[in-house]
Amino acid sequence: MSSEIPAETTHDQHAVRRRKLAELRAAGVDPFRAEFEPTHFSGEALKAHVEGRDNEVPVAVAGRLVTIRDMGKSQFAKVLDQQGEIQLYVKKDVVGEDAYAAFRKLDLGDIIGARGALFKTKTGEITVRVASFALVAKALRPLPEKWHGLADPELVYRQRYLDLVVNRESRRRLLLRSRVVSSIRRFLEARQFIEVETPVLQTVAGGAAAKPFTTHHKALGVDFYLRISLELHLKRMLVAGIDRVFEIGRIFRNEGISRKHNPEFTMLELYQAYSSHRGMMALVREMLLEVCREVIGTDRVLHPASGQTIDFGGAWREVSYKDLVRAETGDPGWFGRGKAEHIAAAEKMGLKVEPGWEDFEVTAEVFSKRIEPGLIQPTFVLNLPRELNPLAKISREDPATLDVFELCIGGMEIAPAYSEQNDPDVQREMFERQAGGEPQSIDHDFLLALEHGMPPAGGMGVGIDRLCMLLTGAESIRDVILFPQLRPAEAKPAGGA
RNA sequence: GGGUUGGUAGCUCAACGGUAGAGCAGUUGCCUUUUAAGCAAUUGGUUCUGGGUUCGAAUCCCAGCCAGCCCA
């Protein structure tokens, strides 16, 4: 295919690079098979330099060539690896004429390895004085522009690998995510929680009210749903005697895509026997504070959309759902009124009320559209109406409400938690009431498990994506998901010249 | 699903009814401690797709595709 490239082509960067590759191959070099073993990541190499002892510490580093400054008989270049960038200094009379000429033929984006000793340039940058180098993978496509990076949001999402190569902020955000998850694991493991994995393919998609994705298993001849929650299987683990259990897993909801929603997202769910929603309040506060300190080194993080600084270290507000609704509607008698009055009031606030809604759904709409977005500082919303969740214990003091909280931070629901319903008869009744005309949506196997006895427990879910949004100041969930869902692009075969 | 904004060189962006440009990247030179290196020269376009209006369309109109934002 390289023979199809006119020798004089200089404008088509893909063709030029293919020609360079063909020349290398013709000279007996296969850059995709070169062997190179780095001794240091860039960050480690920078730390390995000893002040005042230039050219004494040998290192071998490897990564993608992201800048080249050609000075004639010497060059400065930077390679990028998972820890960041390190500068290389390539001097003609050090590497020799042939190697120097080969270095000049490299392209931005090529993956190379370099050996040499560390020194500090006169501007104070720790740099590898290159003694030898190897091209270990040729890049046939050019990198995006070095200063503005990749700005087109569509390309950022579709070609995230390029975004990560050129956009520092994206790297920071997506690397931070892995530290959030590992920090959560450490926190829970230190408290004797056991991590498990439960099925994604389920015959009943329970544990939440959401539209599921469906799929089909050929060998069994059975349709399955992708899970919409982790809850019902983790509770089976409580029945099994695993008293503190958690899962960090992907769940799938066949609903709209927005700044706060991706059809697949990551949830932490944890269950602690002999605890309650009150216990969960203490646990989640401790957990988020520790994650925050470990990952970003402070209790306070800017929330760009509101301009406020979220303070994880302060006292977290506790307020009842009813009080919030009464305050927002300016109507102390709100919960004494009927559906028609609620609808009229909601519409007056500019909210759209769907025809089929129950009364409690009208109020829930007021909460989610008018109240939740204003809860920027960590806020436990307590005493939610019992219609909102069939899996929580009904409050003894006020049987119209549940022993639950909804933790809101940054105007988003971050973590719901309950005192878990463990009475199989009440659970069955709640399921039946919620299922309405769809009895097939009841997980009878779960009810059977409950009849074997589940210890009283506190349980909680934490939206990992949203937590990462808070900690990174991201305004869209897409900014903390590596490959967010998009409509498939027109398939274009790569390659060729 | 509705509204709205956008889609122009590999990338980031101009051009607002009259010859499609710049910066970076590329190519060719010069330069042995640079920092978005510098200097000189230079290549590169199905203006998302398809229709329409017009003497003339990147630009105006219609439809479609993709994306962002707002709403549902």
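Proteins get letters first, then strands, A, B, ... in listed order; numbering begins at 1 in each. Note that this is a predicted model, so its numbers are computed, not measured.
Rounded to a whole angstrom, the distance from the P atom of B/U49 to that of B/A37 is 34 Å. Atom P of B/A25 sits at a distance of 16 Å from the matching atom of B/G10, rounded to the whole Å. On the C1' atoms, B/C60 is 16 Å away from B/C55, given to the nearest whole Å. Across the C1' atoms, B/C48 and B/G68 are found 16 Å apart, a figure rounded to whole Å. Atom C1' of B/A15 sits at a distance of 24 Å from the matching atom of B/U4, rounded to the whole Å. Rounded to the nearest Å, the gap between the P atom of B/G21 and that of B/G44 is 12 Å. As rounded to the nearest Å, B/U28 and B/G18 have P atoms that lie 38 Å from one another. Nucleotides B/U8 and B/C16 are separated by 14 Å at their C1' atoms, to the nearest Å.
At a cut-off of 3.5 angstrom, the base of B/U34 holds at least one donor-acceptor pair with the side chain of A/Gln87.
Within the 4.5 Å cutoff, the side chain of A/Thr329 has heavy atoms near those of the A/Met349 side chain.
The phosphate of B/C70 has OP1 or OP2 within less than 4.0 Å of a side-chain N or O from A/Arg259.
Contact annotation for A/Glu354: backbone-only contact, meaning every heavy-atom pair under 4.0 Å involves sugar-phosphate atoms and none involves a base. Residue contacts for A/Gly256: at a heavy-atom cut-off of 4.0 Å it reaches no nucleic acid atom on any strand shown.
A search for side chain to side chain contact (heavy atoms under 4.5 Å, CB included) contacts involving A/Lys369 returns A/Leu351, A/Glu365, not counting sequence neighbours. Evaluation of the ring-ring contact (aromatic ring centres under 6.0 Å, His included) rule for A/Phe431 yields no partner, not counting sequence neighbours.
As a whole-Å value, the separation of A/Glu365 CD from B/C71 P is 11 Å. Following rounding to the nearest Å, A/Arg487 (CZ) and B/G64 (P) show an atom-to-atom distance of 13 Å. Rounded to whole angstrom, the span from the NZ atom of A/Lys352 across to the P atom of B/C71 amounts to 12 Å. Between A/Glu154 atom CD and B/G6 atom C1' there is a gap of 11 Å when expressed in whole angstrom units. In this structure, A/Arg158 places its CZ atom 9 Å from P of B/C66, rounding to the nearest Å. What separates CZ of A/Arg69 from C1' of B/C39 is a distance of 17 Å, to the nearest Å. What separates CG of A/Leu164 from C1' of B/C11 is a distance of 16 Å, to the nearest Å. Look at CD1 on A/Ile257: it is 12 Å from P on B/C66, rounded to the nearest Å.
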request  = Indicate for each nucleotide in nucleotides 21-33 of chain B, in 5' to 3' sequence, whether protein heavy atoms under 4.0 Å reach the base (B), only the sugar-phosphate (S), or nothing (-).
outcome  = --BBBSS---BBB

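Every pair tested for ring-ring contact (aromatic ring centres under 6.0 Å, His included) that includes a residue from residues 26-67 of chain A fails, sequence neighbours excluded, so the list is empty. Among residue pairs with one or both ends in residues 124-149 of chain A, those qualifying as ring-ring contact (aromatic ring centres under 6.0 Å, His included) are A/Phe103-A/Phe133; sequence neighbours excluded.
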Just list the side-chain donor-acceptor pairs under 3.5 Å for residues 475-484 of chain A, sequence neighbours left out, or say none.
| residue | atom | partner | partner atom | Å |
| --- | --- | --- | --- | --- |
| A/Ser476 | OG | A/Arg478 | N | 3.1 |

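A perpendicular orientation is assigned to the rings of A/Phe380 and A/Phe405, their planes being inclined by more than 60° (bins at 30° and 60°).
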ask   = What do the steps show when you test A/Asp163 against A/Ser170 for side-chain hydrogen bond (donor to acceptor under 3.5 Å, both in side chains), and what is the final call?
value = CA-CA 7 Å; A/Asp163 172 49; A/Ser170 296; 2.9 Å; yes

